[in-house]
Amino acid sequence: MKKIISAAALLATVLLTATACANSGPDSSSQGQETNEPTVIRFGARQDYNGISYIDDSGNLTGYDIEVMKAIDEKLENYVFEYDAVGQEALLTGLEAKQYVGAIGGFFWSEKRAEAYLFPQNNIGASLACLQVRQEDIGKLVTLEDLYERGGKLVPISPISGTYGVVVDYNTANPDKQIELGTIEWNSVGTEQISQWIHDGVYDANVSLVNGWDLAQEQGVNTFDTGIDRDQPFTYIKSYTLFAKGQEAFVKEYDSALKALLDDGTISEIYKRYNGFDFLTLQQS
Amino acid sequence: MFSFSFLLACLAEAARGIPYTLLITVVSISVALVVGCGFALIRIHKIPALNPLVILFVSLIRGTPVIAQLFLVFFCLPMMVMATFPDVNLYSVNPLFFAFIVFSLNATSSMTEILRSALSSVEKGQMEASQSIGMTNFQAYRRIIVPQAAVTALPALCNLTTGILKMTSLGMQISVLEITGRAKTLASESYRYLEGFVACLIIYLILNFVIEKFFRFAEIRMKHYKALTIE
Amino acid sequence: MSIEKTLYYLGLLLPNILISLKIMGYTFLFGIFFGAVLAAGKLSRHKILRQLAYRYTSLMRGVPTIILLFIVYYGLPALLRAVVGIELDAQNKLLYIIVTLVLFSSSQISELIRAAYEAVPKGQMEAALSIGETQLTAIRRIILPQAALVILPNLADMIVSLMKEAALAFVIGVVDILGRINLLKLNAYGKNVVEMYIAGTLIFWCFSLLTQLVCSLLERRLSRHKLA
C-alpha cells in the first residue's frame, strides 16, 4: 500500500512540478516586448471538432474557431499564436498543467469551469440547440420538458460536448422533471448511427446543434427520416476560447481584439462562411 | 490550479466504476482460461480443420484494434441480428454484455498464445515418461504438464490480466461507465481533467498492486513444481 | 456495406501505416534493449537492483498509457526546462509517443525475457560450465536459443499489440491508421463508418498474419535447438 501511495505521490509531484515551472505565459517573457519581437503564445486546439476546430482531410488544422483566432492574431501585433492540435483530453490536461496559454475548440461556460479557468468576456461563437426526433415528432417534441412528459429516452451524450451541459443545466433547474442522461465517448457514434437509433426507436431524441446538423447534411449522412425543427431551437449556447488562470493580462488584450473584430463585421463574415447565417443576429435574439 | 478536494471527488466517483471494471476483467479472464486452454491444445496437437480456424481467430482478434471491435459489436451486431431475427431485441441489452463479448474475445486470443507457448515449453519427454508409468493423457496433463506450464505462464498471465483491466477503460465507447469513464464524466463538468486522470491513476495502481500480489503469491506457491524440471 | 467504399478507405488509410510502423519499430527496438536491462536487473544478485526493476515493472503495469503520455508530453519538457535548461522540440511529437511506449513496453518485455530465461532448466547452465564453456558462451549457445523459442510467440504478440498501441499517438495529434479513421469518421458525421472500420481492421489483420507467419518460420528454425 505504501508503495502505491509513494508511486502516486511521485507521479503527482512530477505533474505539479511541471505545472509550477511552466513558463509559457506572456507575463514571464517580458523581454520579448523590449526587443520588439512578438511573444509566442502557445495554444492547444482540438483536432476533432468538425466545423469548429479540426484537422481536415489534407491534414491541416482549420475550422471556424481557428479562423477567428487567426484574425485575432493579426490584430494583436505583439503576439504570434502557435497551435498544437491534440485531442480534447490532452488539451484540457495540458491547459490545467499550464502548458498552453489557452485552449481552442468551442468550450462552454459553467460555474464550475469558471472556477478552474478564465473565460473571456466575449464568446467566440454560438450554437442553437434543437431536438433531433422522428419525422412524426417534429413540432411535438421540441424541448427537453416535452421529452420528459412523453417519457422519452435521450441518446447518450459525450460529457465533453456542449449539449451535455444543456441537459445537466436542465436537470438542475427541473429537479422534479429529470431526464436520464447517459454518457458515451465523443468519437464513438456519429450522426448517422444516432439517426438510426432514433429511427429504430432505441431512443426518442438527441440534442443536436443546428450548425453541426447542417454540416452532417452536407456530408450526405443518412438521417433515416429523422429531423430537427430549426425554427424552434430550445436553447442557445455560447462557446469560448478557454484560458489558463494567471493569463488575465493577455485575456484583456484578447477580449478587446475580439470585440473589435465583432464590431467591424469580420466575425460575422467568418461565421456566415461556416454556418450560412449571421452570428450577430443570433447573439442578439 | 490543482485542487485536492476535487481530486477526492474524482476518486470517489471513479471508485464507483471499480465493480464494472473488475466484473468485465474477471468474466473475460475466466472465459479466456477455459476457451483458451482448448484452443491452445488444438494448436499444439495440430488438430485438423480446427487448427487453421484457431490461427485465424487469434490473428484476427489480437491483430485488430479493440476500438474497431467495440464499434462493430456494439453497433453492427444488434442490427445484423435483428435483421435476421426480428423478435430479438438486442437494443435493450445492457452494454455490459457487449463489453463481455469484446473483452472475452481479446483475452481468449492472447490466452491461447500464452498457454500454447507455456505448454510447449514443457519437454516432450515428460509426456512420454508419464505415459510409460501408466498415466493416461489426461492424467499426464493434469499432474505433470499443466503445473509446470502454469509456472511458466504466470508472468504472462499477470501481464494479460492487468492489460485487460486497463483495456476496459475503453468501455465509455459503448457507454459502460467504468473507472475512467466516470472520472472523465465528472472531470468534464469543470474541465479539470488533470485531477480526473490522477484519480484514475491512483485507482488503477491500487488494483494493479492487488492483482500483482495475487500472481506473485501464486508464483511462489507453485515454485515447487518448477523444481521438478531442474533435477 | 459496400466493397467499393471499403477499397476506397483502404487506399486512404494505407499511407498512415507508415506512422504506425515507425512508432512500433522504434518502440520495439528500444523496448527490447531496456527490457533486457530490466530483466538483467530482476535476475541480478543485488537486492537493490532487483527491487528497483520489479518496482518499475509494477508501476508501469498500473499506469494507463494515456496518463503516461500526458506526463511525458506535458511534464517532461517542463521538467527538463526547469532542471537542466534543455528545450525539447515541441514539434517532434513522435519522440514523445515513442518515449511513452518504450517506458511502458520495456517493463512488459522484461517480464517475458525473465520468464523465458527461467523456463530453461538450470542444469543446462551447470552442464555447459562443467564442460568448460564460459558463462557468456553458455548463455549465447545453450540458453538463448532455447529461451528464444519460449519468448518468440510472446514477442510477436508484443509487436502486434504495439502496432495497435501506436494509436495512442492520436491523443496528441499524431495520425496513425486509427487516428485517420477517427478523423474521417468525425468529419463525415458517422457516414460509412462500418466500411472505414472494416478497411482498418483488414490492414491490421494482414499485419498480424504476416507477423505470425514470420514468427512461425523462426520458431521452426529455432526448434532445432530444442531437446527431444
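Below, chains carry the letters A, B, ... as their sequence lines are ordered, and counting in each starts from 1. All values below were derived from every heavy atom in this structure, side-chain atoms included, with hydrogens, water molecules and symmetry-related copies excluded.
Residue Tyr83(A) places its OH atom among more than 12 non-hydrogen atoms of other residues, nucleotides or ligands, all under 6.0 Å distant. Counting non-hydrogen atoms of neighbouring residues, nucleotides and ligands closer than 6.0 angstrom, the CD atom of Gln121(A) reaches no more than 12 such neighbours. Within 6.0 Å of CD on Glu136(A) lie more than 12 heavy atoms contributed by other residues, nucleotides or ligands. Atom CD of Gln178(A) has more than 12 neighbouring heavy atoms from other residues, nucleotides or ligands inside a 6.0 Å radius.
Note on residues 200-209 of chain A: pairs passing salt bridge (charged side-chain N to carboxylate O under 4.0 Å, His left out), not counting sequence neighbours, are Arg134(A)-Asp204(A).
Residues of residues 186-193 of chain A lying within less than 4.5 angstrom of chain B, judged on heavy atoms, are Asn187(A), Ser188(A), Val189(A), Gln193(A) in numerical order.
Note: Thr180(B) OG1 to Glu89(A) CD = 9.0 Å, rounded to the nearest 0.5 Å. Residue Ser3(B) holds its OG atom at 8.5 Å from CD of Glu96(A), rounded to the nearest 0.5 Å.
Chosen from Lys184(B), Glu189(B), Gln173(B), the residue pairing most often with chain A at heavy-atom distances under 4.5 Å is Gln173(B). Contact tally against chain B (heavy-atom pairs below 4.5 Å) for Leu95(A), Val202(A), Leu91(A): the top residue is Val202(A).
Of the atoms belonging to Phe6(B), not a single heavy atom falls under 4.5 Å from chain A. Looking at Met79(B), only its side chain comes within 4.5 Å of chain A, counting heavy atoms on both sides. With a 4.5 angstrom heavy-atom cutoff, Gln196(A) touches chain B only via side-chain atoms. At a 4.5 Å heavy-atom cutoff, the contact between Phe108(A) and chain B is made by backbone and side-chain atoms alike. Only the side chain of Leu242(A) has a heavy atom closer than 4.5 Å to any heavy atom of chain B. Both the backbone and the side chain of Thr183(A) come within less than 4.5 Å of a heavy atom of chain B.
Minimum heavy-atom separation, Arg113(A) to Ser188(B): NH2-O, 2.8 Å. Closest approach of Gln88(A) and Tyr191(B) over heavy atoms only: NE2-CE2, 4.3 Å.
Between Lys112(A) and Arg192(B) there is no side-chain heavy-atom pair separated by less than 4.5 Å. Looking at Tyr193(B) and Ile160(A), their side chains come closer than 4.5 Å, going by heavy atoms from C-beta outward.
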